[in-house]
Number of protein chains: 2
Amino acid sequence: MSAGKPESQKKKKYLTPQRRAILNALESVVTHPSADVIYEMVRKELPIISMGTVYRNLEQMATEGMILRLDGGGQKRYDGNSTPHLHFRCLCCNAMIDLPMNPHDDIQKIVQTLTDFEIKSYEVIFTGLCPECKLTKKKEQTA
Amino acid sequence: MSAGKPESQKKKKYLTPQRRAILNALESVVTHPSADVIYEMVRKELPIISMGTVYRNLEQMATEGMILRLDGGGQKRYDGNSTPHLHFRCLCCNAMIDLPMNPHDDIQKIVQTLTDFEIKSYEVIFTGLCPECKLTKKKEQTA
DNA sequence: ATGAGAATAGTAATCATTCCTAAATTGTAA
DNA sequence: TTACAATTTAGGAATGATTACTATTCTCAT
């Protein structure tokens with residue numbers, strides 16, 4: 001009748017240089033790099049690391065809640081900042097950018113009280129043009 | 001010096017049976033099917049339609065704003081209801097479900113007034129357990 | 001009807017991601 | 001330290017979703 005350990009602790013994890021390097025890389029940037037970008041970053045430190053290792057560790061860390069996995073526009077992206085915040089995706093340059101503000105109201109609580117869904121987390125993604133691309137477009141039009 | 005037509009009207013579109021069938025299929029369900037599911041639906045009516053046609057038309061219709069493209073969990077999903085609404089993804093059965101409520105506040109306007117981003121649309125995705133899966137899990141635990 | 005542009009079916013190619021395996025590495029306990 | 005079992009790794013093969021390509025067919029304004 002024992003409850004057993006929570007899923008996330010079922011097996012012990014070894015701390016490898018690869019895993020540490022991946023986490024370092026992810027935490028050193030404010031962008032939301034995809035696996036192949038992270039691979040290139042880590043390769044500067046560990047030249048023979050393989051893509052499989054990058055994917056496996058990102059997946060593990062996301063499952064453990066250390067990082068966020070963002071399902072956005074084609075490739076998956078990863079975010080070293082795991083506290084809830086708003087995202088913006090630029091339709092023009094395809095960047096994924098943090099919005100400098102908190103989720104203003106507690107939407108999650110509101111939705112939770114109104115439905116039977118058990119909400120674990122939520123994500124808000126705005127799409128449109130980032131300030132730079134907006135400028136670029138304006139210049140093009142008046143040219 | 002002429003401004004030209006807006007991007008979305010630059011080239012004329014032919015209304016083909018394939019396109020109509022794809023839209024019909026999508027509008028006949030409240031789920032959010034992926035391209036391969038839509039392909040199977042449409043194949044009942046047009047047995048020789050090709051995947052390429054399905055993808056191309058879904059992409060076009062999404063660009064035109066007739067349907068929504070949801071970048072969620074692996075495959076892309078499509079939504080025949082293009083008015084803004086909230087989505088829920090079940091971590092257990094992987095379903096993507098409409099939440100029966102409107103975006104309560106106008107988050108978009110708030111964010112718009114606070115930033116320089118030009119927001120075209122936004123998406124809110126809750127993740128967790130749907131009512132059925134929540135029940136299933138409870139039964140498993142007490143068993 | 002007809003002709004120019006647009007869309008199609010079918011297939012090949014691409015891209016991201018996962019899977020596989022033998023060898024190497026990690027933490028632990030003597 | 002040493003030894004060991006579990007875990008992780010590199011590298012490459014395999015998969016799966018999506019896109020690209022092309023010769024042919026279709027659409028619709030004239």
Side-chain angles (χ1 to χ4, degrees), chain A residues 5 7-26 32-64 66-78 89 94 96, chain B residues 5 7-26 32-64 66-78 89 94 96:
Chain A
K5 295 171 191 166
E7 302 294 335
S8 58
Q9 295 174 26
K10 275 269 168 66
K11 60 154 85 173
K12 85 177 84 156
K13 295 283 166 53
Y14 292 166
L15 181 55
T16 65
Q18 289 87 341
R19 169 174 271 244
R20 201 168 17 217
I22 290 167
L23 190 55
N24 279 348
L26 195 50
H32 305 76
S34 51
D36 59 308
V37 170
I38 295 167
Y39 173 65
E40 289 304 334
M41 295 170 73
V42 175
R43 233 141 72 91
K44 298 200 172 109
E45 198 183 333
L46 299 173
I48 61 159
I49 196 173
S50 76
M51 273 304 274
T53 300
V54 173
Y55 272 108
R56 183 168 9 85
N57 278 291
L58 287 171
E59 202 52 35
Q60 271 181 25
M61 292 191 284
T63 304
E64 288 162 19
M66 307 170 63
I67 65 174
L68 288 181
R69 181 182 46 236
L70 310 171
D71 294 312
Q75 281 166 286
K76 286 172 187 157
R77 288 157 172 277
Y78 298 87
R89 178 166 46 240
N94 210 35
M96 176 86 88
Chain B
K5 295 170 191 168
E7 302 295 333
S8 59
Q9 294 175 27
K10 273 269 167 67
K11 59 153 84 172
K12 83 177 88 159
K13 295 282 164 53
Y14 292 164
L15 182 55
T16 64
Q18 289 88 340
R19 168 173 272 243
R20 201 168 16 218
I22 291 167
L23 190 54
N24 279 350
L26 195 49
H32 305 77
S34 50
D36 59 309
V37 171
I38 294 166
Y39 173 64
E40 288 306 333
M41 293 169 75
V42 175
R43 233 140 72 90
K44 298 199 173 110
E45 198 183 333
L46 299 173
I48 61 157
I49 196 173
S50 78
M51 272 304 274
T53 300
V54 173
Y55 273 109
R56 183 169 9 84
N57 278 289
L58 287 172
E59 202 52 35
Q60 270 182 25
M61 292 191 282
T63 304
E64 287 162 20
M66 306 170 65
I67 66 175
L68 288 181
R69 180 182 48 237
L70 310 172
D71 295 313
Q75 282 164 285
K76 286 172 188 158
R77 288 157 171 278
Y78 298 87
R89 177 166 49 239
N94 209 34
M96 176 85 89

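Hydrogens, waters and symmetry mates play no part in the numbers below; they use all other heavy atoms, side chains included.
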Can you tell me how far P of C:dT18 sits from CE of A:Met51, to the nearest Å? 10 Å
If the helix axis at each end comes from five base pairs, how far does the helix from C:dA1-D:dT30 to C:dA30-D:dT1 deviate from straight, to 10°? 40°
Side-chain heavy-atom pair A:Thr53, A:Thr16 within 4.5 angstrom cut-off: no
Expressed as a whole number of angstroms, how long is the span from A:Tyr55:OH to D:dG11:C1'? 15 Å
Give a yes/no answer on whether the side chain of B:Lys76 brings an N or O atom under 4.0 Å of OP1 or OP2 in D:dT19. yes
Which whole-number value in Å describes the distance from B:Leu46 CG to D:dC26 C1'? 14 Å
Grab the two heavy atoms, one from A:Ile67 and one from A:Leu23, that are nearest each other, plus how far apart they are. CG2-CD1, 3.9 Å
Within the 4.5 Å heavy-atom criterion, are A:Arg69 and A:Glu59 side-chain neighbours or not? yes
Which residues in residues 34-45 of chain A have at least one heavy atom lying under 4.0 Å from any atom of DNA chain D? none
Which whole-number value in Å describes the distance from A:Leu58 CG to C:dT17 P? 10 Å
Side chains of B:Leu15 and B:Arg20: does their closest heavy-atom pair fall under 4.5 Å? yes
Compare every heavy atom of B:Tyr39 with every heavy atom of B:Ser50, then report the nearest pair and how far apart it is. C-CE1, 3.9 Å
Any donor-acceptor pair under 3.5 Å linking the side-chain atoms of A:Glu45 with those of A:Asn24? no
One character per nucleotide, please: for nucleotides 21-30 of chain C, 5' to 3', B when the base has a protein heavy atom closer than 4.0 Å, S when only the sugar-phosphate does, - otherwise. -----BS---
From CD of B:Gln75 across to C1' of D:dG16 the rounded distance in Å is 8 Å
Is A:Thr53 close enough to D:dA10 that one of its side-chain N or O atoms is under 4.0 Å from OP1 or OP2 there? yes
How about B:Leu58 and B:Lys76: do any of their side-chain heavy atoms sit closer than 4.5 Å? no
What is the distance, to the nearest angstrom, from the CZ atom on A:Arg69 to the P atom on C:dA16? 17 Å
Is any side-chain heavy atom of A:Val42 closer than 4.5 Å to one of A:Gln18? no
Is the shortest side-chain heavy-atom distance between B:Met66 and B:Gln60 below 4.5 Å? no
B:Gln60 CD to C:dG5 C1': how many Å, rounded? 14 Å
Distance from A:Tyr78 atom OH to A:Leu68 atom CG, nearest 0.5 Å? 11.5 Å
Does some side-chain heavy atom of B:Met61 sit less than 4.5 Å from a side-chain heavy atom of B:Leu26? no
Rounded to the nearest Å, what distance is computed from the CZ atom of residue A:Arg77 to the P atom of nucleotide C:dT17? 11 Å
